[in-house]
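Let me begin by presenting the structure, written as structure tokens, before commenting on it.
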Amino acid sequence: MHYTWLGHSGIRLEIGGEVLLIDPWLDGNPVFPEERRAEAIEGATAILLTHGHFDHAASVVDVARETDVAVHGIYDLMSYWETSEGIEVVGFNKGGTVRIGEVAVTMVNAVHSSSMVTDTGPRYAGAEAGFMIEGEGRCIYVSGDTDVMADMGVLQDLHQPEIGILCAGGHFTMDMKRAAYAASKLFQFSTVIPVHYKTFPLLEQSADDLKAGLPGVRVLDPEVMERIEL
């Protein structure tokens, strides 16, 4: 099982024989090296999208066409893209589980918002979400954009994730201290990886507060496009 950070909230996850691209915002992402685009999407077998904001969804349609794989996400947005963009989609909703080969992906709740920018103002993009990804006998929680929420305790009971990939940049989502609270009080992770930070000056630039708040937990702080084993 391998994890590669694509910058911001973009993730390349190699699990159970699949290559999952999660929120792969590549075009216009100020921390993603454009010359490594082909490497980032090589061998992709599915795309997962947590919500419609540009910093998660802006590259998804193009990447789907380049890789010829299905986009998995909230039913409302997937239905719209299937008609408007002609791409292959798998629409589902919170509490639902889809199988991608030997990997099970369950859509779970998040607390945020979801829209797309248009010439006439924001367009509704369905609800925001996170994912529980199960494969190789392990479970990974991808929080998507969210604040701390009591639902996290239920998600721990139901899925018992070993690894947490948590938004932690602040301003638009929980920050490092709040992510540490969620990880220590509501989950029992052995490994935590922060995302949705460093991209812009407005966001947190360091994972130090997350590390300080999680003694005894493996907190990974990889560089963009650094492939690490989980």
Side-chain angles (χ1 to χ4, degrees), residues 4-13 20-41 44 46-67 69-94 105 107-131 142-147 165-175 179 193-205 224-225:
T4 304
W5 189 31
L6 305 181
H8 200 56
S9 288
I11 298 162
R12 176 187 169 96
L13 182 63
L20 309 181
L21 302 179
I22 306 167
D23 292 354
W25 176 41
L26 308 180
D27 304 299
N29 182 339
V31 298
F32 178 76
E34 295 181 8
E35 69 276 8
R36 300 186 71 177
R37 180 189 181 94
E39 178 185 349
I41 67 176
I47 299 169
L48 305 180
L49 181 64
T50 63
H51 65 293
H53 287 159
F54 80 93
D55 55 330
H56 299 254
S59 299
V60 166
V61 170
D62 287 342
V63 171
R65 288 176 176 147
E66 289 176 55
T67 58
V69 300
V71 182
H72 299 64
I74 197 77
Y75 178 81
D76 313 67
L77 180 55
M78 296 302 100
S79 297
Y80 173 68
W81 273 349
E82 184 176 36
T83 302
S84 66
E85 303 294 343
I87 60 173
E88 183 181 355
V89 300
V90 177
F92 62 129
N93 217 310
K94 297 177 185 180
V105 179
M107 185 181 291
V108 298
N109 197 32
V111 178
H112 191 58
S113 61
S114 182
S115 63
M116 297 183 295
V117 177
T118 73
D119 292 339
T120 56
R123 177 189 289 273
Y124 172 70
E128 64 279 9
F131 297 113
V142 177
S143 72
D145 283 8
T146 190
D147 187 20
I165 302 174
L166 308 179
C167 62
H171 194 84
F172 298 106
T173 72
M174 57 187 178
D175 59 14
I193 309 172
V195 294
H196 207 284
Y197 76 116
K198 288 187 179 180
T199 325
F200 310 108
L202 188 64
L203 303 180
E204 297 230 24
Q205 302 297 306
V224 173
M225 289 301 294

Item to complete: Could you tell me whether the side chain of Asp27 reaches within less than 4.5 Å of the side chain of Asn29, counting heavy atoms only?
Response: no

Item to complete: Working to the nearest 0.5 Å, report the span between OG of Ser113 and CD of Glu128.
Response: 6.5 Å

Worksheet item: How long is the gap from NE2 on His72 to CD1 on Ile22, to the nearest 0.5 Å?
Response: 11.5 Å

Item to complete: Provide the closest heavy-atom pair for Val61 versus Trp81 in the form atom of the first, atom of the second, distance.
Response: CG2-CE2, 3.7 Å

Worksheet entry | Heavy-atom closest contact (Cys167 atom, Ser143 atom, distance) | N-OG, 3.1 Å

Discussion item. Between Leu48 and Leu21, does the side-chain contact (heavy atoms from CB on, under 4.5 Å) criterion hold? Intermediate values first, please.
Written reply: CA-CA 6 Å; Leu48 305 180; Leu21 302 179; over 6 Å; no

Discussion item. Using a 3.5 Å distance criterion without hydrogens, assess whether the side chain of Glu85 forms a donor-acceptor pair with backbone atoms of Thr83.
Written reply: no

Practice prompt. With side-chain contact (heavy atoms from CB on, under 4.5 Å) as the test, would you mind laying out the steps for Phe54 and Val117 before giving the verdict?
Written response: CA-CA 8 Å; Phe54 80 93; Val117 177; 5.6 Å; no

Worksheet item: Between Lys94 and Ala110, which heavy-atom pair has the shortest distance, and what is it?
Response: NZ-O, 4.0 Å

Worksheet item: Do the non-hydrogen side-chain atoms of Thr50 and Asp145 ever get within less than 4.5 Å of each other?
Response: no

Discussion item. Could you tell me if the side chain of Pro30 sits less than 4.5 Å from the side chain of Phe200, heavy atoms only?
Written reply: yes

Discussion item. For a side-chain contact (heavy atoms from CB on, under 4.5 Å) check, start with the C-alpha distance between Leu6 and Met225, then their side-chain angles and the critical distance, and finish with the verdict.
Written reply: CA-CA 6 Å; Leu6 305 181; Met225 289 301 294; 3.7 Å; yes

Item to complete: Verify, without hydrogens or angle tests, whether Thr173 (side chain) and Thr146 (backbone) share a donor-acceptor contact under 3.5 angstrom.
Response: no

Practice prompt. Nearest 0.5 Å please: distance from the OG1 atom of Thr199 over to the CD atom of Glu204.
Written response: 12.0 Å

Discussion item. Can a donor-acceptor pair be found, under 3.5 Å and without considering hydrogens, that links the side chain of Ser59 to the backbone of Leu26?
Written reply: yes

Response to the item:
Heavy atoms of Asp23 and Ser9 approach each other most closely as CB-O, 3.8 Å

Item to complete: Measure across Leu77 and Ala125 and return the closest heavy-atom pair with its distance rounded to 0.1 Å.
Response: CB-O, 3.6 Å

Worksheet item: Are the side chains of Pro194 and Leu166 in touch, meaning some heavy atoms are under 4.5 Å apart?
Response: no

Worksheet item: Tell me, do His51 and Ile74 make a side-chain contact under 4.5 Å, heavy atoms counted?
Response: no

Worksheet item: Should we say atom CD of Glu34 is surrounded by more than 12 heavy atoms from elsewhere, each under 6.0 Å from it?
Response: no

Worksheet entry | Pair Phe92-Met78, side-chain contact (heavy atoms from CB on, under 4.5 Å): steps then yes or no | CA-CA 8 Å; Phe92 62 129; Met78 296 302 100; over 6 Å; no

Practice prompt. With rounding to the nearest 0.5 Å, note down the distance linking OG in Ser114 to OH in Tyr124.
Written response: 8.0 Å

Worksheet entry | Nearest-0.5 Å distance, NZ of residue Lys198 to CH2 of residue Trp5 | 5.5 Å

Worksheet item: Going by heavy atoms in the side chains, are Thr4 and Ile11 under 4.5 Å from each other?
Response: no

Worksheet item: Is Val69 close to Ile47 at the side-chain level, that is, under 4.5 Å between some pair of heavy atoms?
Response: yes

Item to complete: Report the distance from atom CD1 of Ile165 to atom CD1 of Ile193, rounding to the nearest 0.5 Å.
Response: 4.5 Å

Worksheet item: In terms of the angle between their ring planes, are His196 and Phe172 parallel, tilted or perpendicular, with boundaries placed at 30° and 60°?
Response: perpendicular

Item to complete: Find out whether Glu66 and Arg37 are in side-chain contact, i.e. whether some heavy atom of one side chain is under 4.5 Å from a heavy atom of the other.
Response: yes

Discussion item. Under a 3.5 Å cutoff, is there a donor and acceptor pairing between the side chains of His8 and Asp55?
Written reply: yes

